[in-house]
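In each ligand, atom 1 is the first atom listed, and ligand 1 is the first ligand listed. Since the structure is predicted, the reported quantities are computational estimates derived from the model, not experimental observations.
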Amino acid sequence: MNRAEAEKNIARLREEIRKHDRLYYEEAAPVVTDREYDRLYKDLVDLETQFPDLLTADSPTQRVGGQPLTAFAQIRHRAPMLSLDNTYSEEELANFYKRITRLLPDEKIPVVIEPKVDGVAVSVMYENGRLKYAATRGDGVVGDDITQNIKTIRSVPQQLRGDAPDVFEVRGEAYLDKAGFEKLNQDRKAAGLPLFANPRNAAAGSLKHLDPKAVAKRPLGIVFYGTGAVEGADVDLHSKVFRLFKKLGLPTHEHWWAAESVEEILSAIRKLDEIRGNFPYQTDGAVIKVDEFAQRERLGFTAKAPRWAIAYKYAAERVETRLQDIMIQVGRTGILTPVAALDPVLVSGSTVARATLHNEDEIKRKDIRIADTVVIEKAGEVIPAVVEVVKSKRPRDTKPFDFAKHVHGKCPVCGGPIRRDPEFVAWRCENLYCPAQTTRRVEFFAARGALDIESIGGIVADKLVERGLVREPLDLFDLRAEQLAKLNLGSEEAPRVFGEKNATKAINAIERARTLPLSRWLFALAIPDVGKTTATELARFHDTVEDVADSELLREVLYYHEKRGDKEVAREIAERLIKSGFAKPSQSKAGKDGIVTEVGPVVAQSVLDFFRSPSGRKILRRLNELGIKPKSEKVSAKKAAELPLAGKTFVLTGTLPSMTREEATEKIEALGGHVTGSVSKKTDYVLAGAEPGSKFDKAKELGVKIIDEAEFRKMT
Ligand code: IVH
């Protein structure tokens, strides 16, 4: 590969990885398996190693994890939370041990092998034995304050037993056990809510829930596997940590192995593989760690991970079954997704009858045909994937799968026209009023993170569209409580009406949505390529939906890319974009003189196209008619200084009686103040609710003013 090709590939891989990071960390809805993600990541690392001058500081390989969500207060970890290097091969595992033996020659290097729990990394701080706070990993340095949520996990002690160290920062993996996960998804299905793809997403979603009461209902557990900052205890061996945890009442691994050679390590990971199916939680591998802390210190770290540990991931379980048929689902943006209907088989403890086939190209590439015997793989995911076809078992009369022919050239739901969208390697239903699309769009519109209209889930959306009460998301604003109350969510034979109470609740939530900020609206409108992060960026730089629809900045981004060849013109546009704050000079050597814009040309084009299309124009018109004018989070410097909370710093702790943390943060920020994660002398106010955490004590200690919700409301 030459340099130009490498550059192109690197850019593509980075963009793709960032997209998956966002889906995984921020939206808790990944679309690829871990293995596929790891493969992309590895390809990028390889290319960056081969072409070191193309490595930039903003590459995903240079970060530890995802961005923390803005809705939670932030906590700085005392000791950073690092990630682990991963491998799927025994050979690389052997190399790991050889490498450390080379780094510490003539020494015995005992290691510990323990399960890799497939959950969410958390850090819990105990001071003098009392639980002070808990945080997610976030970017490894700063994480979300999830103290209230962690406190709902019964197995996490509030007070350590016996003689506890003065400072004890413990790291572990929070999980939703297998049985709890099945039940949660059953309940969600019944309530018409979207299902979690796997227990890990469910655990992540639970921990990031802003309402601790809702979290308390989820059967979360935790396994502690290590320490961060420790003061007042002498921990010198990892193998002693397990015992110490047990003594202090912290849940930890029941099974672990000690080894001093490659053979012993391999034997341990095989033993673990034999028994891990019986664990109540999902595991996806083994972690191999040097036992002696003194040796760890000498081995040190690379930029991202310690040299003294490695994760070995087990291959996902694969089984063969017959592909009965290929069904086509229609998504929110009209994309037709092929799904395999399979002869049911048992994989990793659950029966599988469906598998995703991604898109037409994927079917072609793997030459998947109806009636084929296929290999399916389940890697901790609930929706498995078809890996390959067993060609030797192919019946004689099969034909290559022809997507367009299979659906008779039209949308299988509404019979509307379909078109192949080259951008998405997918077929798309072009009928904007296709019920399948409308339903998904309404569901998305009302979902958490969008307009948060809790009572409108999948089933309700389905029925509203089916009964013709809603033809597009904005029709929700025309609904009357009486109509909703009568809505039958069941069948003719077994009716189940929505009811008055629910209807009133839904109408109130719909009304509340009118006043949500611009970022939430931009996200809710389901503009192709606009996720939460992009919506927030756009809202920071525009005042209204109309401003975004006809954005000068977005047009400039396109103009810049069009004129890149013309140095003079490009520089002028670049300067304007930099001045507006919408672009930064590029840091990479390759992009010398270039700029990095807040959103790229693909997104810019997509946003402008969306609002120029008939449906986009209709949305603008309808918003106007409905009198909905979402306000931007953008404020000019002059106006900002005049806001009531201008320049004031707040810290939130505890549960407020009538607002979530997200709402309180939004309010403070809208009024010119800002919210930080920890109390210092510079903090102006600590806004405290029920069961406040360590920040309350800290505020008292520093003499920072503590206010409750009532006092806060008076200020605003
Ligand atoms: S040790 C510096 N041990 O895997 C070492 N991690 O890929 C830090 N994980 O972020 C991690 N089980 O969330 C360690 N027994 C275990 C683990 C474990 C699961 C997770 C953890 C970590 C990720 C790294």
Side-chain angles (χ1 to χ4, degrees), residues 21 24-25 28 34-35 37-38 41-42 45 60-61 63-66 68 77-88 93 96 100 111-124 134-141 143-144 146 150 169-176 198-201 203-204 207 220-230 235 238-239 241-242 245 250-258 265 268-269 272 276 279-291 293 295-297 299-314 379-380:
D21 278 345
Y24 182 102
Y25 287 107
D34 282 4
R35 202 175 179 126
Y37 178 92
D38 289 342
Y41 196 94
K42 189 165 179 300
V45 171
T61 56
R63 300 192 323 153
V64 180
H77 301 300
R78 283 270 195 109
M81 284 182 88
L82 292 156
S83 180
L84 288 172
D85 277 334
N86 271 339
T87 176
Y88 290 90
L93 190 55
F96 159 79
I100 58 176
V111 293
V112 166
I113 295 94
E114 63 189 56
K116 184 167 191 310
V117 183
D118 195 11
V120 185
V122 295
S123 179
V124 184
T136 61
R137 184 164 76 176
D139 64 3
V141 179
D144 289 335
I146 50 161
I150 286 294
E169 190 179 24
V170 289
R171 267 57 194 278
E173 199 82 354
Y175 63 84
L176 197 68
N198 55 48
R200 186 192 45 222
N201 291 354
L207 286 178
L220 289 165
I222 203 161
V223 178
F224 287 106
Y225 55 65
T227 51
V230 178
V235 190
H238 183 58
S239 45
V241 167
F242 300 126
F245 279 175
L250 292 163
T252 188
H253 294 300
E254 293 294 329
H255 302 272
W256 55 273
W257 293 261
I265 295 174
I269 62 173
L272 171 59
R276 69 193 179 100
F279 295 174
Y281 42 80
Q282 197 106 25
T283 51
D284 60 347
V287 184
I288 296 88
K289 301 175 179 171
V290 169
D291 195 19
F293 283 35
Q295 285 184 329
R296 287 186 180 187
E297 210 162 290
L299 287 165
F301 303 85
T302 64
K304 176 175 165 278
R307 274 201 202 91
W308 46 260
I310 193 165
Y312 173 83
K313 296 240 197 143
Y314 294 110

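When L84, D118, V117 are ranked by how near their heavy atoms come to atom 5 (C) of ligand 1, first place goes to L84. Looking at R200, M81, R137 and measuring to atom 10 (O) of ligand 1, the nearest heavy atom belongs to R137.
When non-hydrogen atoms are compared, ligand 1 lies under 4.0 Å from the backbone of P115 (N, CA, C, O) but not from its side chain.
Ranking the protein heavy atoms by distance from atom 4 (O) of ligand 1 puts K116 NZ, 3.1 Å first. Here the heavy atom of the protein found nearest to atom 20 (C) of ligand 1 is E173 OE1, 3.4 Å. Closest protein heavy atom to atom 22 (C) of ligand 1: Y225 OH, 3.9 Å. Nearest non-hydrogen protein atom to atom 8 (C) of ligand 1 is L82 O, 3.7 Å.
Under a 3.5 Å cut-off, the side chain of Y314 and the backbone N or O of I269 do form a donor-acceptor pair. Formation of a donor-acceptor pair under 3.5 Å by the T136 side chain with backbone atoms of D144 is found in this model.
Close contacts of ligand 1 with P306, meaning ligand atoms under 4.0 Å from a residue heavy atom, involve 2 (C). Distances below 4.0 Å separate heavy atoms of E114 from the following atoms of ligand 1: 3 (N), 15 (N), 16 (C). Ligand 1 places these atoms under 4.0 Å from at least one heavy atom of V287: 3 (N), 15 (N), 16 (C), 17 (C).
The shortest N/O to N/O separation between V120 and ligand 1 does not fall below 3.5 Å. Ligand 1 has an N or O atom lying under 3.5 Å from an N or O atom of K289, backbone or side chain.
The structure places NZ of K42 at 11.5 Å from OH of Y88, a figure rounded to the nearest 0.5 Å.
Ring geometry for Y225 versus H253: interplanar angle under 30°, hence parallel rather than tilted (30 to 60°). Using bins of under 30°, 30° to 60° and over 60° for the plane-to-plane angle, the ring pair H255/F279 lands in the parallel bin.
Residues L84 and P306 share a closest heavy-atom pair of CD2-CG, 4.3 Å. Residues P199 and L176 share a closest heavy-atom pair of CB-O, 3.8 Å. When all heavy atoms are compared, the tightest approach of A121 to M81 is CB-CE, 4.1 Å.
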